[in-house]
Amino acid sequence: ETNEPTGGSAGKGHAGSGGSAHGGDGGAPAASGSANGGKSGSPANGGKAGSTTDAGMGPGGEGGLGGLGGAGGEGGGPDDPREAFVGMSPLPAAPPADPTNAFADNALAATLGQRFFFDEKFSGALKVDSDLGTTNDVQKVSCKSCHSGAALDDERSNPDNISMGTGLHSRNSPGLVNSSYYTWTNWGGRFAAQWELPLAVVENGVIMNGNRLALAHRIFDVYKADYEAIFGALTPEIGTDAARFPAAGKPKPAPTDAVPNPPDGAWEGMDAADRTIINRILVNYSKALAAYTRKLTSHEAPFDKWMAGDDAALTASEVNGARVFRDAGCINCHSGSHFSDQSFHDLGIPQTGPGVLASDDGRFKDLPGLLNSGMNIKSAFSDKTDTGKLDGLALPPPDSMKGQFRTPSLRGVAQSAPYMHSGQFATLSAVIDFYAAGGNGDTGAGELTAFTITAQEKADLIAFLGTLTGKPVSAALLTDTAAN
C-alpha cells in the first residue's frame, strides 16, 4: 500500500507569473504540485521527478524549483499537494443509499434504533467478570458498551486492544462514526449491509449473548407502539401464548467435532411460520439500528476547509504531512472521500497482544458467515435481493483472501486508537513505523513496500491525519433514550 517517497532536487530556474514554473539546468522538478519562484526558493518536499512546461514563463529569481502548475511570485516555497486529493473532499452529506433496507432513512426508525442502541436488556449473561459486572449477571451490555469513544469505538474494554462484551472478543470494535460510508461492514467484510450486523451481534456469545425470542418479547412489552408505527402490527399472541412464543430461545449452534449433534431447544420446537415472525422482528430491530447508525456522521474537518480553498485551515506542518501522505503512497489505499478504497488487503499485521488469536484469516474466515446467512442481502428479509453485490463470491474462499482486512477510513483516525483489527498498534506513530518497515509478512504475502521517513516527516504526517477529524456527532444522538 505504500511506495518509497522520492524527492525532487533544486535547480537554477525561472518562475512564471501566474503560469507554470520552469525547471533550471541540473534540477529535477517536483511533480504533483507547484513551486513558487522567487529569491532563494526552497525545493519541493517529497515530489516525484516529472517534466515542466514553459507556458506563461516569466522572470524569476534563482533557486526556484520546477514543478507542475507552479505559480510565480515573490519568495520560493514547497508544492501545494491539494491536486493529489481532488475528489477526496468533502465527505457527502449523507451515506450511500441502502436499497436493501427500506427503513434506512426513516426518521422514526432511526429514533427507535437509538433507543435500541442504549438498551442493555437485550443482552444475556456475562461469561466473565469485567467492569460491566460479574459472571452470570444479566442485561449488562448494550451496543454503547463497545462503542463509547469519540469515534464511537471501544474505549472502555480492558485489555484495550480487543473488545469485552459478555465475553472477550478477538477483535477491536470498529468506530461507528461515518461507518455507513463503508461498502462492507466489519473488519473482514462479514456483512454486506449494516443491518446484517446487529442480527449476529445480539446473539453472539461474547458480545451481547442475547437471543431473538427474548428480544421479540422485550420489543412487544416496552417498544410496541414505536415499533408498530414503523413496521406494522406485531402478532398479539407474542404477549399471550408462551407455548407458541417461548420466553427465550435462538437457533441451536452448528455441529462441531466436539458436539456433532447439538440438542434441539425451544427454537427448534416452534412452528416454522412462528419462527419467521420472530426472525422478522429481529431483522426490523437490526434495520432500525442501521437507520440510527446512518445518522452518526461527522463533517467539516479542517482538511475539507483546506480543500475548499482556506489556506489557513492547515498549518505548514499539516500541509507537509499531506505531501508525505501523497508521496509515501498512503493515498493509494486510503482514497476517496472516506479515505478508504473499500477493499481488502493482507498487510501481514502481526497477531500479537493480550487476548489476540494466534492467527486470524480475516476475509477468508468471515466470508462463509456472510454467504451462508439466511438473513443476508439476498434473503427474503432483504428489501432488494438483486443488488449483485454478492455475485462472484463463492465458497470455499480463495486462499488469496487469507489475512485480508478492510481498509479502514482515516476520517477521525486520530480519535480511534488503538489501531488494526485487534488493536495491535497503540499509536499512529507505531502504525507508521510498521508501514515504513514494509510490514512483516506475518499472515501471508504482504502488500507493503518499505520507505524512508524522517522524524519530522512522521510528525507532520500525524499532524495531517489529525486534520481529518470533523465536527462531533450531535449530542442529541448520543443521549440514552432506552426504555427502563
(request) Check the pair D386, K378 against salt bridge (Lys or Arg N to Asp or Glu O under 4.0 Å), reporting the backbone distance first and the verdict last. (result) CA-CA 7 Å; D386 60 349; K378 292 186 73 172; over 6 Å; no

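- Stacking of K389 on the aromatic ring of W184 is recorded, both the 6.0 Å distance cut-off and the 45° axial limit being met.
- Once rounded to the nearest 0.5 Å, the distance linking CD1 of I377 with OG1 of T387 reads 3.5 Å.
- Proximity of a side-chain donor or acceptor of D274 to a complementary backbone N or O of M270 within less than 3.5 Å is not detected.
- Between D98 and K384, none of the side-chain N atoms (NZ, or NE/NH1/NH2) sits under 4.0 Å from a carboxylate O, so this pair counts as no salt bridge.
- For NZ of K295, the number of neighbouring non-hydrogen atoms (other residues, nucleotides, ligands) closer than 6.0 Å is 12 at most.
- A 4.5 Å side-chain heavy-atom check between L112 and I230 finds at least one atom pair inside the cut-off.
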(request) Assess whether side-chain contact (heavy atoms from CB on, under 4.5 Å) is satisfied between I453 and Y435, documenting all intermediate values. (result) CA-CA 10 Å; I453 187 168; Y435 276 59; over 6 Å; no

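- The residues R294 and D105 are annotated as salt-bridged, a charged nitrogen and a carboxylate oxygen being separated by less than 4.0 angstrom.
- N161 places no side-chain N or O within donor-acceptor distance of the main-chain N or O of G353, the cut-off being under 3.5 Å.
- A donor-acceptor contact closer than 3.5 angstrom is absent between the side chains of Q404 and H345.
- For the pair S340 (side chain) and S409 (backbone), a donor-acceptor distance under 3.5 Å is absent.
- With E203 as reference, R212 is the one residue of K250, K252, R212 to meet the salt bridge (Lys or Arg N to Asp or Glu O under 4.0 Å) rule.
- The backbone N or O of L197 sits nowhere less than 3.5 Å from a side-chain atom of R190 that would complete a donor-acceptor pair.
- Here H334 and F339 keep their ring centres 6.0 angstrom or further from each other.
- Minimum heavy-atom separation, F103 to A109: O-CB, 3.8 Å.
- Note that CE of M164 and CD1 of I207 are 12.5 Å apart. Values are rounded to the nearest 0.5 Å.
- Taking a cutoff of 4.0 Å between a charged side-chain nitrogen and a carboxylate oxygen, R115 and D226 qualify as a salt bridge.
- Between S173 and D153, the side chains place no donor N or O within less than 3.5 Å of an acceptor N or O (distance only, hydrogens not considered).
- Taking OG of S142 as the reference point, atom NZ of K121 lies at 12.5 Å (rounded to 0.5 Å).
- At a threshold of 4.0 Å, the pair D361-K402 does not count as salt-bridged, since none of the basic side-chain nitrogens sits closer than that to a carboxylate oxygen.
- Heavy-atom minimum distance, Q424 versus T352: CG-O, 3.6 Å.
- Outside the 6.0 Å centre-distance limit, the rings of Y223 and Y227 are not counted as a close aromatic pair.
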(message) Go through it in stages, so that I can follow the logic: the residues are R411 and Y181, the test is side-chain contact (heavy atoms from CB on, under 4.5 Å), and I'd like the CA-CA distance, side-chain angles, deciding distance and then a yes or no.
(response) CA-CA 11 Å; R411 285 190 176 269; Y181 290 89; over 6 Å; no

(request) In sequence, state the C-alpha distance, the side-chain angles, and the governing distance for L234 and I281, and then conclude on side-chain contact (heavy atoms from CB on, under 4.5 Å). (result) CA-CA 8 Å; L234 287 162; I281 296 172; 3.6 Å; yes

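- For the residue pair K127/T135, the side-chain donor-acceptor check at 3.5 Å is not satisfied.
- For R280 and F381, the positive end is not near the middle of the six-membered ring at less than 6.0 Å and at most 45° from its axis.
- Using a 30° and 60° split on the angle between ring planes, Y292 and F117 fall in the tilted class, from 30° to 60°.
- With respect to K144 and D154, no salt bridge is recorded, no charged nitrogen being found less than 4.0 Å from a carboxylate O.
- Here D119 pairs with R218 in a salt bridge; the nearest charged N to carboxylate O distance falls below 4.0 Å.
- For T385 (side chain) and S382 (main-chain N/O), no donor-acceptor pair under 3.5 Å exists by modelled atom type.
- Separation of atoms CG (L347) and SG (C333) is listed at 7.5 Å; rounding is to 0.5 Å.
- The two atoms that bring A248 and A266 nearest to each other are O-CB, 3.7 Å, heavy atoms only.
- One side chain, Q194 or S180, offers a donor N or O that lies under 3.5 Å from an acceptor on the other.
- H338 places no side-chain N or O within 3.5 Å of a backbone atom of L410 that could act as its donor or acceptor partner.
- For an aromatic pair to be called close, the ring centres must be under 6.0 Å apart, and F303 with F85 satisfies this.
- Between the E268 side chain and the G265 main chain, a donor and an acceptor come within less than 3.5 Å of each other.
- With W267 contributing its side chain and L213 its backbone, the two residues share no donor-acceptor pair below 3.5 Å.
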Just list the side-chain donor-acceptor pairs under 3.5 Å for residues 462-472, sequence neighbours left out, or say none.
residue, atom, partner, partner atom, Å
T467, OG1, F464, O, 2.6
K471, NZ, E300, OE1, 3.0

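- Between the side chain of N172 and the main chain of S422, no donor-acceptor pair closer than 3.5 Å is present.
- Heavy atoms only, all atoms of each residue included: P262 and P253 are closest at CG-O, 3.2 Å.
- Separating the CH2 atom in W187 from the CG atom in D366 is a distance of 12.0 Å, to the nearest 0.5 Å.
- With hydrogens and angles disregarded, a donor-acceptor distance shorter than 3.5 Å links the side chain of N211 to the backbone of G249.
- Under the 6.0 Å distance and 45° angle rule, K287 counts as a cation-pi partner of W195.
- Ring geometry for Y285 versus F116: interplanar angle of 30 to 60°, hence tilted.
- Classification of D360 and R171 as a salt-bridged pair holds, one side-chain N sitting under 4.0 Å from a carboxylate O.
- We find that R406 and D341 are not joined by a salt bridge, their nearest charged nitrogen and carboxylate oxygen being 4.0 Å or further apart.
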(message) Between K140 and S123, is the side chain to side chain donor-acceptor pair (under 3.5 Å) condition met? List the steps.
(response) CA-CA 7 Å; K140 297 293 185 179; S123 66; over 6 Å; no

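- Of the N and O atoms on the side chains of D160 and S157, not one donor lies less than 3.5 Å from an acceptor on the other residue.
- Heavy-atom minimum distance, E196 versus A192: OE1-N, 3.0 Å.
- Between E318 and D460 there is no side-chain heavy-atom pair separated by less than 4.5 Å.
- Side chains of T407 and Q342: no donor on one and acceptor on the other come within 3.5 Å.
- Side-chain contact of S89 with D304: a donor-acceptor pair under 3.5 Å is present, judged by distance alone.
- For the pair R363 and F344, the distance from NZ or CZ to the six-membered ring centre is under 6.0 Å and the angle to the ring normal is within 45 degrees.
- E155 and H147 form no side-chain donor-acceptor contact under 3.5 Å, judged by distance and modelled atom types alone.
- Relative to the ring axis of F220, K224 places its NZ or CZ within 45° and under 6.0 Å from the centre.
- Residues passing the ring-ring contact (aromatic ring centres under 6.0 Å, His included) test with F425 are F434, sequence neighbours excluded.
- Atom CG of residue L370 and atom CG of residue N186 lie 11.5 Å apart, to the nearest 0.5 angstrom.
- Closest approach of A151 to Q415, counting heavy atoms only: CB-O, 4.2 Å.
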